[in-house]
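Have a look at the structure below before the remarks.
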2 protein chains.
Amino acid sequence: MNIGQASKATGVTAKMIRYYDEIDLVRPASRTDSNYREYDDRQINELRFIKRARSLGFSMEEITQLLSLWRDRGRPSREVKAIADRHVADLDARIAEMQAMANTLRHLSHCCAGDDRPDCPILTDLTEGKEPSEPARRRPSFNR
Amino acid sequence: MNIGQASKATGVTAKMIRYYDEIDLVRPASRTDSNYREYDDRQINELRFIKRARSLGFSMEEITQLLSLWRDRGRPSREVKAIADRHVADLDARIAEMQAMANTLRHLSHCCAGDDRPDCPILTDLTEGKEPSEPARRRPSFNR
DNA sequence: ATGGACCTTCCCATGATGGGAGGGTCAAGA
DNA sequence: TCTTGACCCTCCCATCATGGGAAGGTCCAT
């Protein structure tokens, strides 16, 4: 399978497949004489694996680890579970943070007349409000 | 106030203050003869405004709009409210998406023994699982 | 043989932020 | 007055995962 066929088979764009090659995450099984990438079932499954893992919010860093465990037939499931659990904790933390934002804004919006007049508690809050204690250093990944 | 004093007064890093200048969001009141940026109360308040708005998850794009409404004494509060409500809806959508991820992973992790054996339902899911229907095109902003 | 649909590499952009180099400026103490 | 250290300046580069696009080579069906 060339890159276009692999892309169709996995739903991963050709661009991304080339990127995964570049970062040594999934290399093509071989190259044709004319330098076209060739993928077989092994890589196709790995690309699907990555796609699914991304859709669950794992960073490429985590996926690199997961993929290496996946390739290792003797892996202890403990290690896989640890990565998943860390990611869940991470998700939960972000969720809590975003819920706090949404709740604050819902309250402010509720107090705002939303008409032609200029008085607006939302702007007032932005002018005077203290932001929450811990700005929460965000792990650089995860935006999708 | 020079940039360092403004930074201390607002909690916004000097780097970011320079960036806001560069993108014409908050320009210094003036420059000294030696080209140092000078800020006065007006800009200090605007920087605080931005910091607070960022902490509520607004993108720079949205903050640009909010700041321009803030500067406009005659703004209709309707416009402010509309921006806030859109942002809340956006937050809620992300939250729902991340909760779905976390729930899926929690289930998989719960089913994983997490011991020395290689069998792992998490990896099995990543191999076979279908990802959710709508990959959800992410608005480019907001990762922090 | 031609044309269109592929493929290749290379470069650039995103958004908000930080790091750092290389060089100028200021103020306090000797 | 000179030195020193703490500032400030601009400019460039990196992040992370992804997409856009240019310039050029390849393959296949007509």
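In what follows, every heavy atom counts, from backbone to side chain, and hydrogens, waters and symmetry copies are set aside. What you are looking at is a predicted structure, and each value in this text was computed from that prediction instead of being measured. Numbered from 1 within each chain, the chains take letters A, B, ... in sequence-line order.
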A:I3, nearest nucleotide to its side chain (from C:dA16, C:dT8, C:dC10)
C:dT8

Rounded interatomic separation in angstrom, taking CZ from A:R18 and P from C:dT9:
7 Å

A:R54 side-chain N/O to D:dT18 phosphate OP1/OP2 under 4.0 Å:
yes

What is the distance, to the nearest angstrom, from the OH atom on B:Y19 to the C1' atom on C:dG19?
17 Å

Residues B:R27 and B:D21 bridged, charged N to O under 4.0 Å:
yes

Starting the side chain at C-beta, find the nucleotide from C:dG18, D:dA17, D:dC8 nearest to B:T13.
C:dG18

Nearest-Å distance, CE (A:M16) to P (D:dC16)?
14 Å

Shared hydrophobic cluster, B:V26 / B:Y36 (ILVMFWY, side-chain heavy atoms < 4.5 Å)
no

Please confirm whether the shortest side-chain N or O distance from B:S34 to OP1 or OP2 of D:dC8 is below 4.0 Å.
no

A:N2 side chain, from C-beta outward: closest of C:dT9, C:dC6, D:dT10:
C:dC6

Per atom distances to the A:N35 side chain, the nearest of C:dT9, C:dG18, D:dA17 is C:dT9

Could you go through the salt bridge (Lys or Arg N to Asp or Glu O under 4.0 Å) check for A:R18 and A:E22 one step at a time?
CA-CA 6 Å; A:R18 288 193 196 98; A:E22 188 188 323; over 6 Å; no

Can you tell which of D:dC9, D:dA17, C:dC6 lies closest to the side chain of B:R37?
D:dC9

Nearest whole Å is fine: how far is C:dC6 P from A:Q5 CD?
10 Å

Atom CZ of A:R117 with >12 non-hydrogen neighbours under 6.0 angstrom:
no

Using a 4.0 Å heavy-atom cut-off, does B:T32 contact any base of the nucleic acid, only the sugar-phosphate backbone, or nothing at all?
nothing

Of the nucleotides C:dT9, D:dG20, C:dG18, which one has an atom closest to the side chain of A:K15?
D:dG20

Can you check the A:Y36 OH to D:dT26 C1' distance for me, whole Å?
4 Å

What is the distance from CD of B:E38 to C1' of C:dC26, rounded to the nearest Å?
13 Å

Can you tell me how far P of C:dG15 sits from CD of B:E22, to the nearest Å?
13 Å

Taking only side-chain N and O atoms of A:Y20, does any of them lie within less than 4.0 angstrom of OP1 or OP2 on D:dT18?
yes

Would a single hydrophobic cluster contain both B:I122 and A:I83, if residues Ile, Leu, Val, Met, Phe, Trp and Tyr are joined by side-chain heavy-atom contacts under 4.5 Å?
yes

I want to check one thing: is the phosphate of D:dT10, taken as OP1 and OP2, less than 4.0 Å away from some side-chain N or O of B:R31?
yes

Could you tell me how far apart B:I23 (CD1) and C:dG15 (C1') are, to the nearest whole angstrom?
10 Å

